[in-house]
Engineer: 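There's a structure below that I have some questions on.
Here the structure is a predicted model, which is why all the values come from computation and not from measurement. Below, chain A is the first sequence line, B the second, and so on; all start at residue 1.
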2 protein chains.
Amino acid sequence: MAQLDTVSRILDTAEMLFAEKGFAETSLRTITSKAKVNLAAVNYHFGSKKALIQAVFARYLDPFSERFNEEMDLLESRHKGEEIPLNAVLETLTTTVITMPSPTRNGLSVFMRLLGLAYTQAQGHMRRYLQEQYGSVFYRFTAMVRNASSDLPDVERFWRLHFMLGSAVFTMSSLDALKDIAEQDFNEQTRVRDVVQRLIPFVSAGMSAPIPDLAVSDPASGEG
Amino acid sequence: MAQLDTVSRILDTAEMLFAEKGFAETSLRTITSKAKVNLAAVNYHFGSKKALIQAVFARYLDPFSERFNEEMDLLESRHKGEEIPLNAVLETLTTTVITMPSPTRNGLSVFMRLLGLAYTQAQGHMRRYLQEQYGSVFYRFTAMVRNASSDLPDVERFWRLHFMLGSAVFTMSSLDALKDIAEQDFNEQTRVRDVVQRLIPFVSAGMSAPIPDLAVSDPASGEG
DNA sequence: TGTACATCAGTGAACGCGCGTTCACTGATGTAC
DNA sequence: TGTACATCAGTGAACGCGCGTTCACTGATGTAC
């Protein structure tokens, strides 16, 4: 195997370890010793641990959001003016995820887990960073979902969007564990694309589920 | 406000802080100073930080799993022999969650977020602990879901169960943030029970979505 | 009723450890004149 | 072509800090005789 340069080795190793154990639980000493580089190299090349974490995300998300934007351009131009069906929007997202060449030595599922972790365990600085850097792509996507489900009340759509997001993020962040179980219990080798392919009808059906009427109950009992 | 004893004060404060920032990121010094108890009190009463974390979960989950088991007994006795519909199973779970008196000073949503965190960011010891302590209740629930969706292929049901779980866990763990946004954007005050009420039709529809056929594509491109 | 001892919640200060970061340094390569 | 200096990737050792944990101790309450 060709020896990668220090920067790439750090990024690959950090990505893998962060995905395995989280950010706080992974020390620079672990990263640098596994990557076979000097401890001080992280601070030399990235400046700080925080900056390393951001660099790990940027390496994947920068090309991803660029491609996703292009795919959304394409989708819009194919439906010039007409309404774009929800399934087409969802498939644009998943196709982008699946077909994007990985800028990483690690597989897609490692990054998926990382993204899931980031979303759930990210505190202050990370959340802000992701919001600032990639908020606009995310906003564009949600706007498309909104247009594709214009019959839904705004509040209902808001919650369902997050239910969708939850299914995706959670599944992705437990992907490796789930793949192992599926193989053990059902003797089935599941690829990332298969999971995504299963996810679409699930969330799509969820989005067009009947709207519940929320019983107004005794406000004194239970919590607000 | 009546002064609670040291143990309760530690548990309440730890629960809140863990939910806010995660386990590794919350130090015993922060917990004990906010709880206004001595630093050494945690080790005196609980033995270690790990044991404190487990105690936080046990305080909520022990009564919860007991009640949930009772509710499942009741559900089964009401359907003696007949097939129990999926919606009834889901509603049994959510009713238990909503109506259970909180053993905690903090609200339901704090614990929900904690549970979400535990599931996504838990490493070794925590996962093992939850599995050992509450695995059987969870297993009983999934068995009920299986019986209520006997028309689904096993593999498909496996994945959908986790999609469901994802929606629930993710939503619950971001609940406070989402409630704030909903109030800001739609001027709507959402209670935990409302969110749960919205969640049921979503996941229920997802469970009975059409089954996708997974195209077998070129195995050389993309990842395994 | 009084004395001696045991138990227990709680405390203040210190311990050793692993952490992210810093710093002076090396050695290779490039650039100016 | 040769010399002096600049730039840059990388290094080894140390720094200070916050962490979980430990320990000797206090003071209140309970128990035995």
Side-chain angles (χ1 to χ4, degrees), chain A residues 2-59 105 114 117-118 121-126 128-129, chain B residues 2-59 105 114 117-118 121-126 128-129:
Chain A
Q3 189 77 324
L4 293 171
D5 64 17
T6 304
V7 170
S8 302
R9 285 222 305 284
I10 293 174
L11 284 172
D12 285 343
T13 312
E15 183 179 285
M16 197 191 65
L17 290 172
F18 285 152
E20 258 172 39
K21 328 215 275 167
F23 306 110
E25 293 82 357
T26 306
S27 71
L28 294 187
R29 279 169 176 78
T30 310
I31 295 172
T32 51
S33 75
K34 284 226 175 189
K36 288 178 180 156
V37 302
N38 187 277
L39 168 62
V42 168
N43 281 274
Y44 176 74
H45 285 290
F46 298 95
S48 70
K49 188 182 181 183
K50 268 186 190 177
L52 169 62
I53 297 177
Q54 296 185 356
V56 166
F57 279 97
R59 185 172 59 148
R105 285 257 143 173
L114 199 59
L117 266 187
Q121 96 171 72
Q123 312 133 255
H125 87 101
M126 200 55 218
R128 224 174 305 121
Y129 172 79
Chain B
Q3 190 77 322
L4 293 171
D5 64 17
T6 305
V7 170
S8 302
R9 285 224 303 286
I10 292 175
L11 284 171
D12 286 343
T13 313
E15 182 179 286
M16 195 191 66
L17 291 171
F18 286 151
E20 257 172 41
K21 329 214 273 168
F23 306 109
E25 292 82 357
T26 306
S27 72
L28 294 186
R29 280 169 176 77
T30 310
I31 295 172
T32 51
S33 75
K34 284 225 176 190
K36 287 176 180 155
V37 303
N38 187 277
L39 167 61
V42 168
N43 281 274
Y44 176 74
H45 286 290
F46 299 95
S48 69
K49 188 182 180 182
K50 268 187 191 177
L52 169 63
I53 298 176
Q54 296 185 357
V56 166
F57 279 97
R59 185 171 59 148
R105 284 258 143 173
L114 199 59
L117 267 187
Q121 94 172 72
Q123 312 132 255
H125 87 101
M126 200 54 216
R128 225 173 305 122
Y129 172 78

Engineer: Return the angle between end axes of the helix from dG2(C)-dC33(D) to dC33(C)-dG2(D), with five pairs used per end and rounding to 10°.
Structural biologist: 0°

Engineer: To the nearest 0.5 Å, tell me how far T26(B) OG1 sits from M16(B) CE.
Structural biologist: 9.5 Å

Engineer: For A51(A) and F46(A), work out which heavy atoms get closest and say how close.
Structural biologist: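 Reported closest heavy-atom pair: CB-O, 3.2 Å.
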
Engineer: Minimum heavy-atom separation for A14(B) and L52(B), please, with both atom names.
Structural biologist: CB-CD2, 4.1 Å

Engineer: Give the rounded distance in Å between these two atoms: CD1 of I10(A) and C1' of dG10(D).
Structural biologist: 10 Å

Engineer: Atom NZ in K49(B), atom CD in Q54(B): separation rounded to 0.5 Å?
Structural biologist: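 Taking NZ in K49(B) and CD in Q54(B), the distance rounds to 13.5 Å.
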
Engineer: Return a table of donor-acceptor pairs under 3.5 angstrom between the side chains of residues 28-43 of chain A and protein atoms on other chains or two or more places apart.
Structural biologist:
unit_1 : atom_1 : unit_2 : atom_2 : d
T30(A) : OG1    : S27(A) : OG     : 2.9
T32(A) : OG1    : L28(A) : O      : 2.8
T32(A) : OG1    : R29(A) : O      : 3.3
S33(A) : OG     : R29(A) : O      : 3.2
S33(A) : OG     : T30(A) : O      : 3.3
N38(A) : OD1    : A40(A) : N      : 2.8

Engineer: In Å, rounded to the nearest 0.5 Å, how long is the span from OG1 of T13(B) to CZ of F18(B)?
Structural biologist: 10.5 Å

Engineer: It should be established whether S27(B) places a side-chain nitrogen or oxygen under 4.0 Å from OP1 or OP2 of nucleotide dC19(D).
Structural biologist: yes

Engineer: Answer yes or no: does a side-chain N or O of H45(A) lie under 4.0 Å from OP1 or OP2 of dA9(D)?
Structural biologist: no

Engineer: Would you list the protein and nucleotides 26-28 of chain C atom pairs, both N or O, that sit under 3.5 Å from each other?
Structural biologist:
none

Engineer: Measure CG/D5(B) against C1'/dC8(C) and give the value in whole Å, please.
Structural biologist: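 After rounding, the gap between these two atoms is 14 Å.
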
Engineer: Working to the nearest 0.5 Å, report the span between CD1 of I10(A) and OH of Y44(A).
Structural biologist: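 Reported to 0.5 Å precision, the distance equals 11.5 Å.
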
Engineer: Separation of R9(B) atom CZ from dG10(C) atom C1', in whole Å?
Structural biologist: 12 Å

Engineer: Using the 3.5 Å cut-off, write out each protein N or O paired with an N or O of nucleotides 21-23 of chain D and the distance between them.
Structural biologist:
unit_1  : atom_1 : unit_2 : atom_2 : d
dT21(D) : OP2    : N43(B) : OD1    : 3.4
dT21(D) : OP2    : K49(B) : N      : 2.9

Engineer: Would you say the side chain of F57(A) lies within less than 4.5 Å of the side chain of M126(A), judging by non-hydrogen atoms?
Structural biologist: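 The answer is yes; the side chains approach within 4.5 Å.
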
Engineer: To the nearest 0.5 Å, tell me how far R9(A) CZ sits from R105(A) CZ.
Structural biologist: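 That separation rounds to 11.0 Å.
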
Engineer: Charged N to carboxylate O under 4.0 angstrom, R59(A) versus E15(A)?
Structural biologist: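 Yes, R59(A) and E15(A) are salt-bridged.
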
Engineer: Would you kindly give the CZ-to-C1' distance between F46(A) and dA9(D), to the nearest whole Å?
Structural biologist: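 Spelled out: CZ on F46(A) to C1' on dA9(D) is 13 Å.
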
